[in-house]
S.K.: 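Have a look at this one before I ask anything.
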Amino acid sequence: MVAEASCDPVETGDANPATEVLLDVVVPTPAHSGLGDRLTYCHTVALPPGTLVRVPLGARAVVGIVWGTPATAPATPVRPISEAWQALPPLAAEWRELVGFAARYYQRALGEVALAALPPALRELDAARLQRRLQRAPEPVPPVSPPPAETPPPLTDAQAAALAAIETVDQPILLFGATGSGKTEVYLQATARLLARDPQAQALVLVPEINLTPQLEQRFRARFGDAVTTLHSRLTPAQRLQHWLAAHLGHARIVLGTRMAIFASLPQLRLIVVDEEHDPSYKSQEGARYSARDLAVYRARLGADAGCRVILGSATPSLESWHAADSGRYRRVHMDDRMGGARWPRLRLVDLRQQPRGTLLAPPLQAAIEARVARGEQALVLLNRRGYAPVIACDACGWKSGCPHCSAHLVFHKADRRLRCHHCGHTAPIPRACPDCGNVDLAPLGRGTEQLEEQLAAALATLQRADGTPVRVGRLDADTSRARGALERTLQAVHDGAIDVLVGTQMIAKGHDFRRITLVASVNTDGALFASDWRAPERLFALLMQAAGRAGRDAAFVAAQGSAVELWVQTAYPEHPMFAALARHDYAAFAAQQLEERRSAGMPPFSHQALLRAEARQLEAALAWLRHAAEAAHDLPGRAHVMLYAPVPMALTRVAGIERAQLLLESPHRPALQALLAAWMPRLHALRGLPDTRGLVRWAIDVDPLSF
DNA sequence: AGCACGCCGACT
DNA sequence: GTCGGCGTGCTC
């Protein structure tokens, strides 16, 4: 009480102005708490913006970040800052700007975004423990160069051109290069040149999934040693804090991380690399739904005065980035030759209309796989559906195994002889008879990776390798890689040649550098070709290009074998124009065709979208809430330029007993959409508690949504 | 969102 | 007689 009174500027501010300072502090207040983003506290001395502090909030003590000084003194008496962590350098102005922009653009509370960007373990610390931690690790800035731990290889012409562009072009670089064209070497050398020029500089390298691309981390470590650190969600809380501190204190020169790393504190950031920039995992799907790739471009612009650059790399860029390059906002740098003389796989289409219905593996494809395995080569077979069969059904009455909590089928998993829901985790034993009619003939419908593995293993059972050992079929999907280290073991087994044929979901298509693969096959492709999601063709093309890139990586091996490197695709629509572009490995043609479709339909990137999502116990409550929301938008700024569609249930309406619905907003004018959203938010918060929306669980806005 | 305070059932 | 159910309400 005394402390609070002494802090009140009205009471003591005049009496002792030198020792009482008002500060705006950002604390983790969810937007709907009714509190503003910045709360005013007082302290004995002025603290620079970016200083971490602990402050009382209600009955709790929370970590906050000093954001500045209040424009006006608040009406309510202010409470004092409990402790200021002055041992830690303040978070830089650019970091605060990035966080502020992300909060504004994605319509989240500033405190939520700012505090979520810090390692959780930091919030557990106090000033004393922080002090000890900082003293215990007074790591000097390690000398990165010279000498580099590994001598870089000579550059190809394309790589030299790319590096020249990076150093001279003051725009985001779209590094467009096929798998194996040497993009990674460009990242490495761009980083090396930066560090040679400016020994204090830092680089940020973003990857979609760090566990699926261990060799990128290996290559950075081989070149830069201990100057590299990592930031991703698989780190333990202590590691994450340690790595974050290394970046914040400038001990780490290079941060390699997943999308969350875009918020790392990097005071000397001069280069951002976004590898596989088209990958949808750069878009966060919970909390603040940010795009790390888009924020990377923004962050580089914030640092432009200091010479910060951004490289977006991909063999199949997002249509957004491709269009930005077409329109001159990004600079496209094309690396068109595959290094080491490796040849591109030839496309072999299997027309499923010529095959018996329900064919999983057409005889010519199976024969091709057998022939390769017999010669000591390897094959990858892609099927984007895990489990044995996506559903089991009753022959007599048409009953299908449905999830009691979701509007989805229970998937038959033969490995544990159970039915499993892939959306809520519900599991059930396989019923002996149909629950509806008692019929005992229940049949699995459709195929998953387990069944494909089984069928291939049976087909290859009589084959032997050159050394007389039996041929081995392996499987890689979320089920087989759940256990710690299982993923690495399977990948190693493929590397070592212990596995001849690897079956799996799209995770087998990622950047693994398998040397003896000469055939890649996609056996169930058509679902994505005609999916209701209009981004599906783009993703399918990227997946098939990426999968194709796994084949023929070792030119010497391929030449010695005398094999043709092939990509097999089973489809009932072989005349689809996408396959013509795929056969020529012509992403530019595919992108041009897709962008033309988007332009005429007024779809992104020719318009901008946001989704308002609502979840409720009853679907009607969610829909009613969205209708109220639409009504509340009628007179908002920007409304004339923003199209609001009717609220609809989501494609997968119910998940874990919660009904989901959404409302799409679309505008050709991004600022109009942003203005509308910003003005809409307070009204949406005020919508709580309407009588026909009882059972509403939560709602959220997804700006630039990727999935519908 | 947390985390209080605040009024009604089965236990040491 | 207490421990605890989660219903409203507040957080500079």
Side-chain angles (χ1 to χ4, degrees), chain A residues 1-13 17 19-47 49-85 96 99-100 102-103 106-118 120-124 284-290 613-617 621 625 656-658 681-682 684-691 693-702:
Chain A
M1 198 61 209
V2 172
E4 285 190 20
S6 77
C7 254
D8 187 339
V10 179
E11 305 248 332
T12 61
T19 57
E20 299 294 346
V21 181
L22 291 180
L23 292 167
D24 266 349
V25 177
V26 163
V27 291
T29 47
H32 41 276
S33 64
L35 287 176
D37 276 338
R38 305 136 135 90
L39 302 184
T40 304
Y41 290 86
C42 62
H43 195 56
T44 50
V45 293
L47 296 170
T51 305
L52 284 167
V53 294
R54 190 172 285 282
V55 292
L57 181 65
R60 293 178 292 161
V62 297
V63 170
I65 302 164
V66 175
W67 220 255
T69 37
T72 53
T76 51
V78 294
R79 297 170 73 182
I81 285 171
S82 327
E83 68 182 17
W85 300 356
R96 284 178 277 125
V99 162
Y106 295 105
Q107 308 297 330
R108 308 292 292 204
L110 176 59
E112 181 198 353
V113 177
L115 275 299
L118 301 176
L122 192 68
R123 282 170 253 171
E124 318 286 304
S284 166
Q285 292 299 341
E286 83 276 301
R289 289 160 153 80
Y290 62 89
R613 295 201 159 103
E615 300 184 357
R617 297 270 164 215
W625 189 86
I658 299 290
M681 289 298 282
L684 294 178
H685 287 304
L687 279 182
R688 283 224 162 254
L690 289 166
T693 65
R694 290 224 168 269
L696 183 79
V697 177
R698 58 174 154 242
W699 58 270
I701 283 184
D702 188 344

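None of the values given here were measured: they were computed from a predicted structure. In what follows, every chain begins at residue 1, and chains take the letters A, B, ... in the order their sequences are listed.
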S.K.: Taking heavy atoms of chain A and a 4.0 Å limit, find me the 5'-most and 3'-most nucleotide of DNA chain C within that range.
M.R.: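 Counting from the 5' end, contacts occupy dT11(C) to dC12(C).
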
S.K.: Rounded to whole Å, please give me the gap between CZ in Arg108(A) and P in dA1(B).
M.R.: 10 Å

S.K.: Measure from CZ on Arg60(A) to P on dG2(B) and round the result to the nearest Å.
M.R.: 7 Å

S.K.: Output the distance between atom CD1 (Ile701(A)) and atom CZ (Arg289(A)), rounded to the nearest 0.5 Å.
M.R.: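 So the CD1 of Ile701(A) and the CZ of Arg289(A) are separated by 10.5 Å.
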
S.K.: Please report the distance, rounded to the nearest Å, between CG in Leu57(A) and P in dA1(B).
M.R.: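 The answer, rounded to whole Å, is 15 Å.
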
S.K.: Can you find a pair of side-chain heavy atoms, one from Asp702(A) and one from Gln285(A), that are under 4.5 Å apart?
M.R.: yes

S.K.: For Val25(A), which of Leu39(A), Ile81(A), Ile65(A) qualifies under side chain to side chain contact (heavy atoms under 4.5 Å, CB included)?
M.R.: Ile81(A)

S.K.: How would you list all residue pairs meeting side chain to side chain donor-acceptor pair (under 3.5 Å) that involve residues 58-69 of chain A, not counting sequence neighbours?
M.R.: none

S.K.: Looking across every strand, which nucleic acid part, if any, lies under 4.0 Å from Pro56(A) by heavy atom: base, sugar-phosphate, or nothing?
M.R.: sugar-phosphate

S.K.: Please identify each residue that fulfils ring pair (Phe, Tyr, Trp, His ring centres under 6.0 Å) with Tyr41(A), with sequence neighbours left out.
M.R.: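 Ring pair (Phe, Tyr, Trp, His ring centres under 6.0 Å) list for Tyr41(A), sorted by chain: empty.
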
S.K.: Is there side-chain contact between Val55(A) and Val62(A), with at least one heavy-atom pair below 4.5 Å?
M.R.: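 Yes, their side chains come closer than 4.5 Å.
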
